[in-house]
Each structure stands twice: as C-alpha cells, then as structure tokens.
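Structure first, then comments.
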Amino acid sequence: MLPLARRLARYGPGARRLLHTGPPADPGVLASRLASRAVVRFRGPEAARFLNSLLTNDVLLSHASSSQPQRYAPTPNLPARAPPPQYAALLTPQGRFLYDLFLYRPAPRSQMLDRTGAAPQTGERPGGEDGEGDGGEVLADVDAAEVDELLACFKRYRLRSKVEIDNVSEEFLCWQRFGNDVAHAGPSTQEPEAQSIGWGQGSDHAAESSAQGNGHGWQWLKDPRLDILGYRGIFPADTIPPLVEADKEADERHYLLWRIENGVAEGSTEIPKGEAIPLEYNLAGLNAISFDKGCYIGQELIARTHHRGVIRKRLIPLKFVDENDKELEQAVAPGSDVVDDASGKKVGTVSTALGSRGMGLLRLDAALKENATLAISDKRDVRVKAIKPDWWPAEWTQVLEQQSAVA
C-alpha cells in the first residue's frame with residue numbers, strides 16, 4: 001500500500017505542501033481532475049453480466065433499467081441521458097477488499113441528439129437486453145496506482161466471457177465537482193443543470209466542446225455514494241468539462257480533504273488492499289453492496305457479517321488537537337495506534353492522516369462514548385477527536401447507545 005505522502009507526491013509540489021498546512025477555507029464549489037483515478041473500459045455483449053458475477057453491487061439491475069426503450073420529441077432541449085453511475089467493489093474469496101470501481105454506462109448512441117439538435121423519430125434503443133446494440137460498453141474509474149494489477153485480475157476471471165478489457169486512461173479523465181454549495185443545493189437547482197450537458201446544447205460552447213466528436217453524451221452525474229460528495233463524471237481527456245469555471249478548478253488535494261472530513265475512503269491506498277472488511281469501511285452505507293443480488297466473489301463473509309447485525313469497528317473521521325483543543329498540523333502518521341488515555345487500551349488505528357485531519361478504523365464503543373479521551377499511543381500529548389458523520393444511518397450506533405444507557 002502506497003503511503004499517503006508518496007501518493008500526494010504524484011500530484012506535484014502543491015500537494016506536498018498540503019502535508020504541512022491545514023484544511024483550506026470553505027471551498028464553495030470546486031472541480032478537480034482526479035489524477036488518482038484511471039479509466040478502464042469493459043466492452044462486449046457479456047460485459048454487464050461479467051461484472052455482475054464479480055462485483056458487490058447489482059450491475060444488471062442498473063443495466064435493465066437503462067435498457068428500456070425511451071421516447072422523446074426531436075428538440076434541442078433534450079440531450080442524451082446516461083444511466084446513473086454505480087459504486088462497487090471487487091473482493092477476495094475471503095471477503096476482503098481489493099479494488100473499488102465507479103461504473104458508468106454511456107448514453108446509448110440511438111438516443112443521441114446530433115450536433116444540430118435533431119433526433120431519431122422513434123427514439124427507440126436497438127439491441128437486446130444484454131446491450132448488443134450498443135456494444136455492451138461500461139466505463140469504470142479505478143485506483144490509478146492499482147490499474148495494471150486490476151486489469152490482470154479481471155482478465156484472469158474473464159475465461160470465455162465475451163468481453164474486452166482495456167485501459168483507456170489516455171482517452172478519458174475522471175473529474176469530481178464538490179463543495180458546500182454543491183452538497184447543500186437541492187436537486188431542483190443542481191441536477192437539471194448538471195444533466196443538461198450533452199448533445200444539442202449548441203448555445204453552450206463548454207458543453208459542445210465536451211461532447212462533439214466523441215459519440216457520447218458526457219454529463220456530470222450524482223456521486224452514487226452520498227449527496228454531500230457532489231457530482232462525478234468521465235470526460236474526454238482533451239476537453240475541460242462543462243460547468244468548470246477557470247477560478248474554481250482545484251488540485252485534487254482539496255477533494256481529498258473533503259472526503260477525509262466526511263469519513264469517506266476511496267481506492268486501495270485508503271482501504272487496505274487484501275485486508276479491509278468492506279462493512280467496516282462503510283461500503284454498505286456508500287451504496288457499494290447489494291444484499292439482494294446473486295452470488296459474487298467474497299459474498300459469504302459479507303452476508304454473514306451483515307446479518308449478524310452489529311459492526312463494532314468502523315472507519316471514522318478524526319481531528320488531531322493538543323490539550324488546549326488547538327489543531328495540530330502533521331503531528332500524526334498513518335498507522336499510528338489510537339488508545340483510550342484513561343485505560344491505555346488500544347481503540348484502533350489511524351489509516352489516513354493529512355494536516356490536522358484523518359480517518360481511522362476504531363472501536364465504536366470506545367471512540368463514541370460520552371467523555372471519551374483518546375490519544376496517539378506514542379504521543380500522549382496529541383489528543384484525538386472522533387467525529388460521527390452526519391450521513392451515518394442511526395442504526396449503526398443505536399445498539400451502542402442502548403448498551404451505554406443500560407450501563
């Protein structure tokens with residue numbers, strides 16, 4: 001697993017400077033090109049079925065809903081609509097995390113408006129339910145540090161499946177649009193604006209440049225994990241996505257801090273490859289796991305842990321402060337043990353640390369108890385504050401609260 005410092009080093013001197021500075025001021029709305037992500041293409045008549053047999057989410061459910069015939073009037077105000085993206089993971093046979101994937105289905109070519117805004121009269125999508133008419137194409141953004149191993153892993157599982165798997169990172173880039181204004185805006189103001197980008201928007205030159213010549217209706221789409229994470233999308237590498245203002249394009253480090261503060265890990269660097277139990281890293285709450293689909297690799301452990309009902313350790317946001325509650329910059333390294341200062345017992349481990357913020361896998365009964373006093377084991381002067389995210393479902397902590405009340 002790459003240390004966070006080495007990962008940030010790939011983003012340049014500005015990212016390395018962040019290791020010695022605190023979180024930036026309220027970013028408003030920012031857009032970042034995610035250099036930490038690469039784009040892989042699965043193409044073929046069995047692409048969706050192949051992915052569904054391996055991944056934790058129900059890929060066929062999304063595929064079926066996107067395969068229904070759609071009708072529309074030939075108007076330039078109705079661009080192509082891509083199906084919503086999905087978040088999923090590939091696990092080991094023992095149910096440990098390997099890779100996470102954001103899956104995108106480009107809008108079917110038969111639903112594309114041309115550059116003048118014209119559309120087919122019927123608006124019906126050719127091809128069968130397996131997507132042969134559109135080549136069964138699925139794009140995925142994955143951890144760039146693991147892309148070669150990921151490709152090799154999927155090709156081992158391919159066997160006789162009719163699917164081609166290619167790294168297309170030179171053709172496409174992954175972007176994220178995030179911030180307080182995005183997170184708190186309602187769908188009535190954000191989503192129509194985001195979804196209006198595609199073919200047929202001749203008056204919007206940014207949209208036109210992002211769509212022309214690539215055969216897809218490229219769009220910003222809601223992040224499939226949480227509303228607070230904003231919008232995500234794959235765009236051609238030679239264009240700037242629509243709605244990205246020149247003064248609002250930010251280095252990826254700002255998005256990294258945004259995720260840390262919301263307690264959302266991403267990629268095999270932050271979710272330990274071959275070690276992490278997905279439910280402890282909150283993947284169920286991030287819409288990465290379907291408990292209703294058929295078998296997939298590692299399902300047995302996930303189902304058993306889920307039906308047991310209580311997850312005693314979870315990934316949780318952390319803040320590092322001194323005895324006067326002043327934030328401490330770069331005082332903690334990933335891998336540091338968190339202990340209960342009163343008893344000296346280990347509570348968990350810091351998995352990610354950046355500035356005065358971090359994330360750690362901690363025992364909830366100790367981390368979230370009233371008047372908890374946590375510290376770094378070898379730096380007792382560094383206090384640790386565990387912060388329960390607002391997006392957590394109530395049932396994750398209800399059992400612990402009941403136990404505390406009884407005590």
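Counting from 1, the numbers follow the sequence of the chain as shown.
Glu270 places no side-chain N or O within donor-acceptor distance of the main-chain N or O of Ala265, the cut-off being under 3.5 Å. Side-chain atoms of Lys248 never come within 3.5 Å of backbone atoms of Ala31 as a donor-acceptor pair (strictly under, hydrogens ignored). Distance alone, capped at 3.5 Å, places no donor-acceptor pair between the Thr56 side chain and the Ala88 backbone. At least one donor-acceptor pair under 3.5 Å links the side chain of Thr305 to the backbone N or O of Leu301. With hydrogens and angles disregarded, no donor-acceptor distance shorter than 3.5 Å links the side chain of Ser356 to the backbone of Lys319. Counting only distance, with no hydrogens or angles, the side chain of Thr349 and the backbone of Asp337 share no donor-acceptor pair below 3.5 Å. When atom types are taken as modelled, the side chain of Gln330 and the backbone of Gly355 share a donor-acceptor pair closer than 3.5 angstrom. The main-chain N or O of Asp141 is found under 3.5 Å from a side-chain atom of Arg37 such that the two form a donor-acceptor pair.
Residues Ser336 and Ser377 have side chains not in contact (no heavy-atom distance under 4.5 Å, counting atoms from C-beta outward). Annotation: side chain of Tyr99 is in contact with side chain of Glu146 (closest heavy-atom distance under 4.5 Å). Within the 4.5 Å cutoff, the side chain of Leu139 has heavy atoms near those of the Arg41 side chain. Residues Pro272 and Tyr281 form a side-chain contact, since some pair of their non-hydrogen atoms from C-beta on lies under 4.5 Å apart. Using a 4.5 Å heavy-atom cutoff, the side chains of Asp166 and Leu151 are not in contact. Contact of the Leu361 side chain with the Ser351 side chain is not registered, since no non-hydrogen atoms from C-beta on lie closer than 4.5 Å. By the 4.5 Å heavy-atom criterion applied to side chains, Ile302 and Pro278 are counted as neighbours. Side-chain contact between Leu226 and Leu286: present, with at least one pair of heavy atoms (C-beta onward) separated by less than 4.5 Å.
Between Gly136 and Ala47 the shortest heavy-atom distance is O-CB, 3.0 Å. Contact detail for Asn282 and Leu315: the closest heavy-atom pair is ND2-O, 3.0 Å. Taking all atoms of both residues into account, the shortest heavy-atom contact from Gly274 to Thr92 is CA-CG2, 4.4 Å. What you find for Phe102 and Pro224 is that their closest heavy atoms are CD2-CG, 4.0 Å. Ala89 and Leu283 make their closest contact through CB-CD1, 4.2 Å (heavy atoms, listed as atom of the first residue, atom of the second, distance). Residues Trp391 and Gly263 approach most closely at CZ2-O, 3.9 Å, considering heavy atoms.
Between Asp223 and Tyr87, the side chains place no donor N or O within less than 3.5 Å of an acceptor N or O (distance only, hydrogens not considered). For the residue pair Tyr104 and Gln219, no side-chain donor N or O sits within less than 3.5 Å of a side-chain acceptor on the partner. A donor-acceptor contact closer than 3.5 angstrom links the side chains of Glu252 and Ser36. Between the side chains of Asn167 and Ser169, a donor-acceptor pair is found at a separation under 3.5 Å.
The distance from atom CZ of Arg259 to atom CG of Leu354, rounded to the nearest 0.5 Å, is 10.5 Å. Taken from CG in Asp143 to CG in Leu98, the straight-line distance is 12.0 Å, to the nearest 0.5 Å. Distance check, rounded to the nearest 0.5 Å: CG of Leu374 to NZ of Lys369 gives 8.0 Å. Rounded to the nearest 0.5 angstrom, Leu279 CG and Arg314 CZ are separated by 7.0 Å. For the atom pair CD (Gln94) and CD1 (Ile297), the distance works out to 10.5 Å, reported to the nearest 0.5 Å. To the nearest 0.5 angstrom, Leu55 atom CG is 11.5 Å from Ser290 atom OG.
Ion pairing between Asp340 and Lys346 fails under the 4.0 Å rule for side-chain N and carboxylate O. Ion pairing of Arg312 with Glu280 is absent here, as no side-chain N (NZ or NE/NH1/NH2) approaches a carboxylate O to less than 4.0 Å. The existence of a salt bridge linking Asp58 and Lys293 is excluded, since no basic side-chain nitrogen approaches an acidic carboxylate oxygen closer than 4.0 Å. Glu266 and Arg232 are joined by a salt bridge, as a carboxylate oxygen and a charged side-chain nitrogen come within less than 4.0 angstrom of each other. Salt bridge absent: Arg383 and Asp325 never bring a charged side-chain N and a carboxylate O closer than 4.0 Å.
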TODO: Assess whether side chain to side chain contact (heavy atoms under 4.5 Å, CB included) is satisfied between Arg96 and Glu275, documenting all intermediate values.
DONE: CA-CA 6 Å; Arg96 296 300 196 267; Glu275 302 175 11; 5.7 Å; no

- [ ] Walk me through it: do Phe320 and Val384 pass the test side chain to side chain contact (heavy atoms under 4.5 Å, CB included)?
- [x] CA-CA 5 Å; Phe320 308 121; Val384 179; 4.1 Å; yes

TODO: Walk me through it: do Leu101 and Phe154 pass the test side chain to side chain contact (heavy atoms under 4.5 Å, CB included)?
DONE: CA-CA 12 Å; Leu101 302 90; Phe154 274 101; 3.9 Å; yes

Open item on the list: Test salt bridge (charged side-chain N to carboxylate O under 4.0 Å, His left out) on Arg357 and Glu261; report intermediate values, then the result.
Closed with: CA-CA 7 Å; Arg357 304 302 176 95; Glu261 292 179 354; 3.5 Å; yes

- [ ] Step by step, work out the side chain to side chain contact (heavy atoms under 4.5 Å, CB included) result for Ile234 and Leu173.
- [x] CA-CA 6 Å; Ile234 289 177; Leu173 297 174; over 6 Å; no

Task: Steps toward ring-ring contact (aromatic ring centres under 6.0 Å, His included) verdict (Tyr231, Phe178) - done: CA-CA 6 Å; Tyr231 293 83; Phe178 64 100; over 10 Å; no

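Within 6.0 Å of atom CG in Asp390, 12 or fewer heavy atoms from other residues, nucleotides or ligands are found, so the atom counts as exposed in its surroundings.
Using bins of under 30°, 30° to 60° and over 60° for the plane-to-plane angle, the ring pair Trp175/Trp220 lands in the perpendicular bin.
Among the candidates Leu30, Asn180, Val264, the single residue satisfying the side-chain contact (heavy atoms from CB on, under 4.5 Å) test with Trp258 is Asn180.
Residues in residues 283-308 take part in these ring-ring contact (aromatic ring centres under 6.0 Å, His included) pairs, two or more places apart or across chains: Phe291-His306.
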